[in-house]
Amino acid sequence: MNKFYITTPIYYVNDKPHIGHAYTTVLADVLARWHKLQREEVFFLVGADEHGAKIETAALSAGKSPQEFVDEKAEDFKNAWQKLNISYDNFIRTTDASHQKAVASALETIHKKGLIYQDVYKGLYCKGCEQYKTEDDLIDGLCPEHQIEPELMEEMSYFFQLAKFRDEIKEKIEANEFEIRPEERKNEVLSFIEGGLKDISISRKNVKWGIPLPFDSKYTTYVWIDAFFNYLTGLGWQGKLEGVPNFFPPDIQLMSKDILRVHATIWPALLSALDIPWPKKFFVHGFFTASGQKMSKSLGNVIWPEQMVEKFGVDGARYLIMSSLSYGHDGDISWERLTEKYKADLANGLGNLISRTMTLAQKISFLCHPEHSEGSHKKDSSPLAQNDNKGSEKLRKLYEEIKPKEILEEIWKEVDWANKYIEEKKLWELVKNDEQEAKKVLDELFATISDVAENLRPFMPETAEKILKILEAGEMKEGEILFPRIN
Ligand code: MSP
């Protein structure tokens, strides 16, 4: 059986999950479900990044101990993922004792190999990014991401010999052995690496909330180093050199462009330092803005996934999230546009198609559903179903390219076709005066709808099930509505 390992970044728990986190996580879920439907053995990892200065400060201002704080916050993430029907296999937390032990043990090994040395570090540090910045990174002296002035830090520090791995990283990325998609992201990383790669500080003296360095407990481990190991410890890895855990390396690692550089450099270098194989592929999606602005709590424009679930239902929210970003691009969202799209595609599109078809089918007691009439379906005229193989090949290709929005658009061609077909054939008249023709049309509609439902499984698992049940029963339950009308 083919194995498939997919990861999302582990999110910082200083805040609640928003639509950006939800996008990456729902996308991972869609891919995990699709690969399962291809009969692959899937492991889908999510988690929480719980150490570092940012969390320490957030806990302090919430008047809580860091542990108390992260325990609560990690629950928020778990709850959000449950509401979005995320089928993850493990939720790794960097405060898990087993993770901490494994990180210490891995660092011990890397230290013994002579890849870690001590030196003075002086630099500008942005707490928001949990990263050192160069003057070039700043705009008007501020971190462009967080609009805060980085602090000058000077301290004795332990360094990891990242520079040593520069050529290996460059070569593997160029050869697509370590694949970075889309192409422009790959090029961005390559030109960043061309500019040189410096050794990085992996220790923090003033941050208490972290994993103590195994070879010098006066320091804690830099939060990013701690975090990368989650992709191993999430599979039960204990930091020992003997044996790489089952499922490793990842087939796909998802993230947005904000954290690509660190992922494409430090992470593979750590793996090489431990003689562990590299991830096969990164997929880097765009960034959300809300009504044209960066989403931020202070602007009050954050779109929370839980609010979306409340308004649009779980599958409605999943659908809207997945249709919000075009391949390789950033995307702007607003409640108005989400609501419009819900109405057009779900309430009036798919929802209406099912309720109309079933109402008309009942008029002539049409009970022919796909399983009962194998081979009798003529759905030659519907776009995706024109030729089953061609249709699924197209989707398969889009899945390989990781184009969720485009997959949904393909599926919606069928939905739109079917709605138009009802109009064109004036099915409401046929059921009254040409039962035979009506049955033929309904046969095509049932086949198309069943196709749509099958194809929707990874995106809208509950809705897909419901639709298939409706087809099987030949009717909708009294008062059953797939996508309620909203304002
Ligand atoms: N903790 C680190 C990741 C460590 S992984 C070893 C981190 N956390 S984060 O909470 O800031 O999450 C960043 C990721 O969340 C992005 O790469 C992306 O997957 C998702 N998003 C957060 N905000 C986003 C948008 N506004 N738009 C799209 N996705 C973004 O970085």
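Only this structure's heavy atoms are used, side chains among them; waters, hydrogens and symmetry mates stay out. Counting convention: from 1, in listed order, for ligands and their atoms alike. Numbering of residues begins at 1 and proceeds along the displayed sequence.
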May I ask you to check whether [X] and [Y] show a side-chain donor-acceptor distance below 3.5 Å?
X      : Y     : answer
Gln253 : Thr7  : yes
Asp49  : Tyr11 : no
Asp29  : Ser87 : yes

In Å and rounded to the nearest 0.5 Å, what is the CZ to CG distance from Phe178 to Asn176? 11.0 Å

Taking only heavy atoms of the protein into account, state which residues are under 4.0 angstrom from an atom of ligand 1, in chain and number order. Pro9, Ile10, Tyr11, Tyr12, His18, Gly20, His21, Thr24, Asp49, Trp224, Ala227, Phe228, Asn230, Tyr231, Met255, Ser256, Asp258, Ile259, His263, His285, Gly286, Phe287, Phe288, Met295

Tell me whether Lys101 at atom NZ has more than 12 heavy atoms from other residues, nucleotides or ligands lying less than 6.0 Å away. no

Answer yes or no: are there more than 12 heavy-atom neighbours, outside Gln82 itself, under 6.0 Å from its atom CD? no

